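One structure is given below, encoded as structure tokens.
Worth saying up front: this structure is predicted, and the values here are computed from it rather than measured. The sequence lines fix the lettering, A, B, ..., with proteins before strands; numbering per chain opens at 1.
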2 protein chains.
Amino acid sequence: MSDIKRFEDQQAAFLPGFICDLTQCCVSTQWGLILSEATKPAQPTYAYQQIAGEIEAQILRGDLKPGDQLPGEAQLASTFGVTRSTLREGLRQLESDGLLHRPSPRRMEVAVPQADQLTSRSGRAMALMKVTFRELWQVTMVTEPLAARLATQHGTEDEINALQATHGALVAAEGQMARTIALDEEYHTQIAEIGRNRVLGLAREPIALLLFRGFEQIAPFAPRFYKRQIEAHSNVIAAIRDRDVDRAEKWARMHIEDFWRGAQIAGLEDKIALVPGSLSSSNPTGEARK
Amino acid sequence: MSDIKRFEDQQAAFLPGFICDLTQCCVSTQWGLILSEATKPAQPTYAYQQIAGEIEAQILRGDLKPGDQLPGEAQLASTFGVTRSTLREGLRQLESDGLLHRPSPRRMEVAVPQADQLTSRSGRAMALMKVTFRELWQVTMVTEPLAARLATQHGTEDEINALQATHGALVAAEGQMARTIALDEEYHTQIAEIGRNRVLGLAREPIALLLFRGFEQIAPFAPRFYKRQIEAHSNVIAAIRDRDVDRAEKWARMHIEDFWRGAQIAGLEDKIALVPGSLSSSNPTGEARK
DNA sequence: AGTGTTTTATTGTCGGACATTAAGCGGTTT
DNA sequence: AAACCGCTTAATGTCCGACAATAAAACACT
């Protein structure tokens, strides 16, 4: 009796028209889940992928806005016409895509992808690609000066003071390798954030993270290295304060150039940058990042 | 009778020591699945997350190398001491992380994260962040000249010819908007690849993709625009051929600068760059990307 | 050997089950 | 009345067992 129906469902689950069929069941849900007909998959598409794709489309399209809470798994499952197990696989995918956030197990909401996430993902990818310090440095040579330039244009008094504070902490952390690296990263990230260019922020973060981790391997070889870095930092901050765009950019460039000299002394040039122990621990000040 | 055992298992699944407990069962598998004790999660960690984390760690650590095939789900599940359903959720997560690739449903193998993947992810993130053309342009102003510079240093005869071919196709595609954009992207990507800097390639791709999509909105406003772009392309190629590093960089910069002028005329400056219809269709030549 | 056919093992999906626990609810306390 | 607390409820994480579809392997056949 119910065997026939179930068989048809099985069939539907393997047919391309699956989504369309489901449309019938979905138009009347509480958040107006309209399944998009735009998606035209070439490969065999499994139910869990379709579900993930569908929800993703709705988020991208704006039907579901960041912060919106999703209904329970049971309801979602019945809405899409699949079992909880299947739906769950789709959710896990979206979860690791960073499109869904999960403040508590009982609450699953739409989230804007955070920079951190992309950062760690890119960082991991670069580590797996075994990129060299040279590659990292070449790119950093253009990103950091740009960041400094933008920061000079947009920095508010408060922001510059905060930057100065970080720099102060860095100076105070002399000798503590881990803390030094964390604060150095923080300093550069802060400058990028002051520049108010999210694209630059997104692009440079994973790169800088990997590159500056090399500090650890450079320090033993170059005694003066640390001092010169500090000096350059100061000069960049001063230039930002003076609103001297070119000077800020110039010092930033010199700063990175100098880093490269250190790397050369340490023989890192074509060495592979290692993925740091925990990529996510880039929160030295302990402040909660909104 | 078996109730007691099951209860203990349940407990274990919720306890932090889960991984360690499992270690006992795993040391003797065929690929030497040693569960790492390094992972120290603070939040409540669910089994499927631990599994995903564990496999990820093994890949990152190099225990599992790209191309390695994973055992079947059943075996994996029993290895980790969870059900297939649970294991599957973990796999889905890794799958969308791009760490696992799936050439056929019967074959799940370790994969190096492909640039495309990261690209589309970053592109999506930027779209959700509603980044403006200005932000994209500011970064592109430094990435493309760098790409041109590196390409000049590393380009082989063949590569330059291939680049020239793409350019030729672009010229021939006059009037066909979609194809023009695709080939323009291809041209820029090719230059970046010639430069042999994977970091730059990773960083610039999603940005360039979004920025150059603006061409569509600019074209109607600036009749000469298309021609000037073509000219700049030619000049960059010529400079690369002549191994004139500075000239290549200069023309690349002028090219992007000019693009901005077009964007200004079209009034795009602080408009939000839209996520293109399908981010993954950046394969104009139809060649399979290894 | 090359090719077509049958087995087999694995996958995608299903439905139901249960312990655990976050969240909502009503009652109590100050 | 507002704040606090235990209880109920509902939803989650996990498990089990099952079945159709199918890719890969084993086999048979010419």
Side-chain angles (χ1 to χ4, degrees), chain A residues 1-16 18-19 21-22 41 43-53 69-96 100-109, chain B residues 1-16 18-19 21-22 41 43-53 69-96 100-109:
Chain A
M1 8 189 90
S2 77
D3 283 321
I4 293 168
K5 184 152 152 273
R6 198 203 300 167
F7 179 71
E8 283 178 354
D9 287 345
Q10 290 271 8
Q11 286 291 55
F14 282 87
L15 253 44
F18 178 47
I19 285 187
D21 294 335
L22 275 189
Q43 304 297 329
T45 319
Y46 302 114
Y48 69 88
Q49 288 179 339
Q50 296 194 4
I51 290 175
Q69 178 171 4
L70 268 68
E73 298 182 349
Q75 169 155 3
L76 272 177
S78 82
T79 299
F80 282 104
V82 297
T83 336
R84 227 164 52 101
S85 321
T86 304
L87 176 105
R88 253 160 157 276
E89 294 185 34
L91 290 185
R92 292 296 90 83
Q93 206 159 328
L94 291 169
E95 200 181 336
S96 89
L100 296 181
H101 180 235
R102 186 181 277 262
S104 114
R106 299 308 168 89
R107 188 179 171 81
M108 171 94 84
E109 57 187 35
Chain B
M1 9 191 87
S2 77
D3 282 321
I4 293 168
K5 184 153 152 275
R6 197 200 303 163
F7 179 71
E8 284 178 354
D9 288 345
Q10 289 272 7
Q11 286 290 57
F14 282 87
L15 253 44
F18 178 47
I19 284 187
D21 294 334
L22 277 188
Q43 305 297 328
T45 319
Y46 303 113
Y48 68 86
Q49 288 178 338
Q50 296 195 3
I51 289 176
Q69 178 172 3
L70 266 70
E73 299 182 348
Q75 170 156 0
L76 273 177
S78 82
T79 298
F80 282 103
V82 298
T83 332
R84 250 182 78 216
S85 322
T86 304
L87 176 102
R88 250 158 160 276
E89 294 185 33
L91 289 185
R92 292 297 90 84
Q93 207 158 323
L94 291 169
E95 201 180 335
S96 90
L100 295 181
H101 180 237
R102 183 180 278 260
S104 116
R106 299 307 169 87
R107 188 178 170 82
M108 170 93 82
E109 56 187 36

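- Side-chain atoms of B:S85 and A:S85 form no donor-acceptor pair, as typed in the model, at a separation below 3.5 Å.
- Taking OG from B:S78 and CD from B:E73, the interatomic distance works out to 12.0 Å, rounded to the nearest 0.5 Å.
- Checking the phosphate oxygens (OP1, OP2) of D:dC15, a side-chain nitrogen or oxygen of B:T86 falls inside 4.0 Å.
- Going from atom CD of B:Q93 over to atom CG of A:L91 covers 11.0 Å, rounded to the nearest 0.5 Å.
- Within the 4.0 Å cut-off from OP1 or OP2 of D:dA24, at least one side-chain nitrogen or oxygen of B:S104 is found.
- Defining each end axis of the helix from C:dA1-D:dT30 to C:dT30-D:dA1 as the rotation carrying four pairs' C1' atoms onto the next four, with five pairs an end, the two axes are found to diverge by 10° to 10 degrees.
- Across the protein-nucleic acid pair, A:E89 atom CD and D:dG13 atom P stand 14 Å apart, rounded to whole Å.
- Within the model, atoms CZ of A:F80 and CG of A:L87 stand 7.0 Å from one another, a figure rounded to the nearest 0.5 Å.
- Using a 4.5 Å heavy-atom cutoff, the side chains of A:P103 and A:H101 are in contact.
- When the salt bridge (charged side-chain N to carboxylate O under 4.0 Å, His left out) test is applied to A:R106, no partner is found at least two apart in sequence or on another chain.
- Atom-to-atom, CG of B:L87 to P of D:dG13 comes out at 16 Å; the value is rounded to the nearest Å.
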Using a cut-off of under 3.5 Å, enumerate the N/O to N/O pairs linking the protein to nucleotides 9-11 of chain C.
residue: C:dT10; atom: O2; partner: B:R106; partner atom: NH1; Å: 3.4
residue: C:dT10; atom: O2; partner: B:R106; partner atom: NH2; Å: 2.8
residue: C:dT11; atom: OP2; partner: B:E73; partner atom: N; Å: 3.0

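- Without hydrogens or angle criteria, B:T79 side chain to B:Q75 main chain gives a donor-acceptor distance under 3.5 Å.
- A salt bridge links B:R92 to B:E95: one of the charged nitrogens lies within less than 4.0 Å of a carboxylate oxygen.
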